[in-house]
Amino acid sequence: MKAYDQAYFDRWYRDPAHRIGSRADLERAVRLAVALAESVLMRPIASVLDVGAGEGRWQPVLSRLRPAARYIGIEPSDWAIAKWGTRRQLIQGDLDSIGELGLAGPFDLVVVADVLHYLTTPALQRGLLRLAPFVGGVAWCPTFTSRDQIDGDRVEFQRRSPEAYHREFAAAGLFPVGMHGWVPRDLIAGLAALERATP
């Protein structure tokens, strides 16, 4: 099992030979997810839940973009919680424990970035079912499939097809709107046909 310790975060976030994505890439991702959620909800977001938050890198970007929005990051790493927990509103947990953390949801934007493709299929199924009740707007879940070129951490990567992810999200009551965005059934029904990623 991987250790999400300081060495892991240093390698993938800071080491020039291995890091994936720049600060500008992070800023673009946050802006995209916020814009997608606000387009679906037709109002500014007021709450964000970041599952698998790592060091909570989304928190300072969000605090600049939407200073009034409440942010909570969930992260299993002991090191990340000890280092960043207080400063970046992180609490210890994961998709399996999300229902036991006393979170006041649902949330306008739920972020699960670069997490789902490392879960076994049973863990993915459980996790999406546990996540779905917290999605009050958009779940933004960057996830890579067997059809994608993978850069970065390949340890424990699960090579699933796009169709497999569509099935698992649908089983949890979440439906695609494109660009890694998923919405609950009650919101997908209100979108125009071409706003949906499937007919």
Side-chain angles (χ1 to χ4, degrees), residues 2-98 101-119 127 130-131 134-144 151-153 177-183:
K2 288 190 287 193
Y4 292 98
D5 53 12
Q6 181 175 358
Y8 179 91
F9 290 103
D10 284 346
R11 175 183 176 90
W12 296 114
Y13 290 170
R14 285 174 283 280
D15 182 345
H18 298 100
R19 71 179 174 214
I20 301 298
S22 64
R23 288 183 183 173
D25 294 328
L26 173 65
E27 180 94 14
R28 279 189 290 273
V30 176
R31 288 181 179 276
L32 170 63
V34 169
L36 184 57
E38 293 184 344
S39 293
V40 168
L41 293 169
M42 295 187 291
R43 60 169 173 78
I45 59 169
S47 56
V48 179
L49 176 64
D50 187 359
V51 183
E55 297 180 340
R57 295 167 71 223
W58 276 58
Q59 188 274 331
V61 181
L62 278 163
S63 71
R64 288 196 310 273
L65 291 176
R66 297 293 181 271
R70 174 175 59 108
Y71 172 90
I72 298 173
I74 298 174
E75 171 57 35
S77 165
D78 292 334
W79 178 83
I81 295 297
K83 174 76 174 175
W84 298 105
T86 302
R87 280 179 282 179
R88 294 187 175 169
Q89 290 88 60
L90 304 180
I91 59 175
Q92 195 144 30
D94 55 22
L95 278 173
D96 268 336
S97 63
I98 193 170
L101 299 176
L103 301 173
F107 293 80
D108 292 338
L109 173 60
V110 175
V111 178
V112 190
D114 201 29
V115 170
L116 301 180
H117 45 244
Y118 295 115
L119 301 180
R130 291 173 179 168
L131 181 75
F134 292 95
V135 182
V138 169
W140 194 73
C141 305
T143 303
F144 297 97
D151 292 324
D153 182 8
V177 291
M179 299 300 289
H180 298 294
W182 304 82
V183 300

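In this chain, residues are counted from 1 in sequence order.
Pairing each heavy atom of Ala53 with each of Gly73, the nearest pair is CB-CA, 3.9 Å. Between Ala80 and Gly54, the shortest heavy-atom distance links the atoms CB-O, 3.4 Å. Of all non-hydrogen atoms in Ser47 and Pro106, the two that sit nearest each other are OG-O, 4.1 Å. When all heavy atoms of Val115 and Val51 are compared, the closest pair comes out as CG2-O, 3.8 Å. Of all the heavy atoms in Tyr71 and Gly56, the pair that sits closest is OH-CA, 3.9 Å. Nearest heavy atom pair, residue Ser63 against residue Pro60, reads OG-O, 2.8 Å.
Expressed to the nearest 0.5 Å, how far CG of Asp50 lies from CH2 of Trp140 amounts to 10.0 Å. Between the CD1 atom in Ile98 and the CD1 atom in Ile74 there is a gap of 4.5 Å [rounded to 0.5 Å]. Expressed to the nearest 0.5 Å, how far CE of Met179 lies from CG of Leu36 amounts to 8.5 Å. Separation of atoms CG (Leu49) and CZ (Arg70) is listed at 8.5 Å; rounding is to 0.5 Å.
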Step-by-step side-chain contact (heavy atoms from CB on, under 4.5 Å) determination, Leu90 to Gln59:
CA-CA 9 Å; Leu90 304 180; Gln59 188 274 331; over 6 Å; no
Pair Leu109, Glu38 - check side-chain contact (heavy atoms from CB on, under 4.5 Å), show working.
CA-CA 9 Å; Leu109 173 60; Glu38 293 184 344; over 6 Å; no
Decide side-chain contact (heavy atoms from CB on, under 4.5 Å) for Leu95 and Leu116; before the verdict, give the C-alpha distance in whole Å, the side-chain angles of both, and the deciding distance to 0.1 Å.
CA-CA 10 Å; Leu95 278 173; Leu116 301 180; 3.8 Å; yes
Arg57 vs Trp84, test: side-chain contact (heavy atoms from CB on, under 4.5 Å). Steps then yes/no.
CA-CA 9 Å; Arg57 295 167 71 223; Trp84 298 105; over 6 Å; no
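Under the 30°/60° scheme for interplanar angles, the aromatic rings of Phe144 and His180 are found to stand perpendicular.
Not counting sequence neighbours, Ser39 has no partner by the side-chain contact (heavy atoms from CB on, under 4.5 Å) test. With sequence neighbours left out, the side chain to side chain donor-acceptor pair (under 3.5 Å) criterion links Arg87 to no other residue.
For the pair Asp108 (side chain) and Ala46 (backbone), a donor-acceptor distance under 3.5 Å is present.
Side-chain contact check for Phe134 versus Leu103: some heavy-atom pair is nearer than 4.5 Å. Side-chain atoms of Pro142 and Asp114, non-hydrogen and from C-beta on, never get closer than 4.5 Å to each other.
Remark: Arg88 does not engage Glu75 in a salt bridge, criterion side-chain N to carboxylate O under 4.0 Å. Between Arg31 and Glu27, at least one side-chain N (NZ, or NE/NH1/NH2) sits under 4.0 Å from a carboxylate O, which counts as a salt bridge.
Environment of CZ in Arg43: crowded, with over 12 heavy atoms of neighbouring residues, nucleotides or ligands closer than 6.0 Å.
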